[in-house]
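Naming: A, B, ... by sequence-line order, numbering from 1 per chain.
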Amino acid sequence: MPQQETGTELSQRIKRALKRIPRGKVATYAQIAALAGHPRAVRAVFWILHSSSRKAKLPWQRVINSRGRISLKLGNGYEQQRALLEREGIVFELGGSVDLGRYQWRP
DNA sequence: AGCATGACTAGGC
DNA sequence: AGCCTAGCCATGC
């Protein structure tokens with residue numbers, strides 16, 4: 001049977017927003033929070049992403065911070081996220097950031 | 001019920 | 001430019 005949708009309505013809205021990010025594009029934490037209807041709920045967004053059991057089936061790798069950088073630390077998921085994004089065609093600049101003007105999802 | 005934690009952000013100095 | 005602070009939300013103990 002399908003997974004039971006638990007948590008608050010906000011959590012579910014955040015998950016729905018995450019699933020809308022198209023392949024090859026990225027979104028910022030604030031952007032997801034805004035799409036979920038709570039522009040200030042950024043912390044709720046990364047709480048969902050940081051909890052591995054909740055990020056199943058979610059394109060968690062497409063969420064980066066407002067500066068276009070991956071927020072994970074080296075050796076703690078950073079390289080995996082970067083590899084996943086590069087596989088989707090996203091090109092990282094020398095400093096390790098992505099060009100938001102080029103790759104940010106605009107609904 | 002209260003406090004700590006977590007992949008953030010914008011603003012101030 | 002880099003560091004500090006406050007604001008924000010859900011969850012776990």
Check every atom of B:dA7, C:dC8, B:dT9 against the side chain of A:V42 and return the nucleotide holding the closest atom.
B:dT9
Between C:dC9 (P) and A:R13 (CZ): distance, integer Å:
14 Å
Going by modelled atom types, is there a donor-acceptor pair between the base of B:dA7 and the side chain of A:Y78 at under 3.5 Å?
no
Among C:dA10, C:dC9, B:dT9, the one nearest any side-chain atom of A:Y29 is B:dT9
What's the closest nucleotide to the side chain of A:L49 if the choices are B:dC8, C:dA10, B:dA7?
B:dA7
So if I take every side-chain heavy atom of A:R40 and compare against C:dA10, B:dA7, C:dC8, which nucleotide ends up nearest?
C:dC8
Between A:P107 and A:Q31, is any pair of side-chain heavy atoms under 4.5 Å apart?
yes
In whole angstroms, the gap separating C1' of C:dT11 from CD1 of A:I48 amounts to 11 Å
May I ask you to check whether over 12 heavy atoms, not counting those of A:E9, lie within 6.0 Å of atom CD?
no
To the nearest Å, how far apart are A:I32 CD1 and B:dC8 P?
14 Å
Is A:L10 touching bases, backbone alone, or none of the nucleic acid, heavy atoms closer than 4.0 Å?
sugar-phosphate
Looking at C:dC9, B:dA7, B:dC8, which one has an atom nearest to any side-chain atom of A:N65?
B:dC8
Counting neighbours of CD on A:E79 that are heavy atoms of other residues, nucleotides or ligands and sit closer than 6.0 Å, is the number greater than 12?
no
Using whole Å, what does the distance between atom P of nucleotide B:dA7 and atom NZ of A:K73 come to?
6 Å
Starting at CZ of A:R67 and ending at P of B:dA7, how long is that distance when rounded to a whole Å?
14 Å
To the nearest angstrom, the CG-C1' distance between A:L35 and C:dC9 comes to 17 Å
Whole-Å distance separating the CD1 atom of A:I14 from the C1' atom of B:dA7
13 Å
Quick check: do A:V26 and A:I21 have side-chain heavy atoms less than 4.5 Å from each other?
no
I'd like to know if the side chain of A:R40 reaches the main chain of A:H38, judged simply by a donor and an acceptor atom lying under 3.5 Å from each other, with no hydrogens or angles considered.
no
Using atom CZ of A:R43 as one end and atom C1' of C:dA6 as the other, report the distance to the nearest whole Å.
10 Å
Using only side-chain N and O atoms of A:S66, determine if any of them is under 4.0 Å from OP1 or OP2 of B:dT9.
yes
Taking the side chain of A:S71 as its heavy atoms from C-beta onward, which of B:dC8, C:dC9, C:dT11 lies nearest to it?
B:dC8
Please tell me which of the listed nucleotides, B:dC8, C:dC9, C:dA10, lies nearest to the side chain of A:T8?
C:dA10
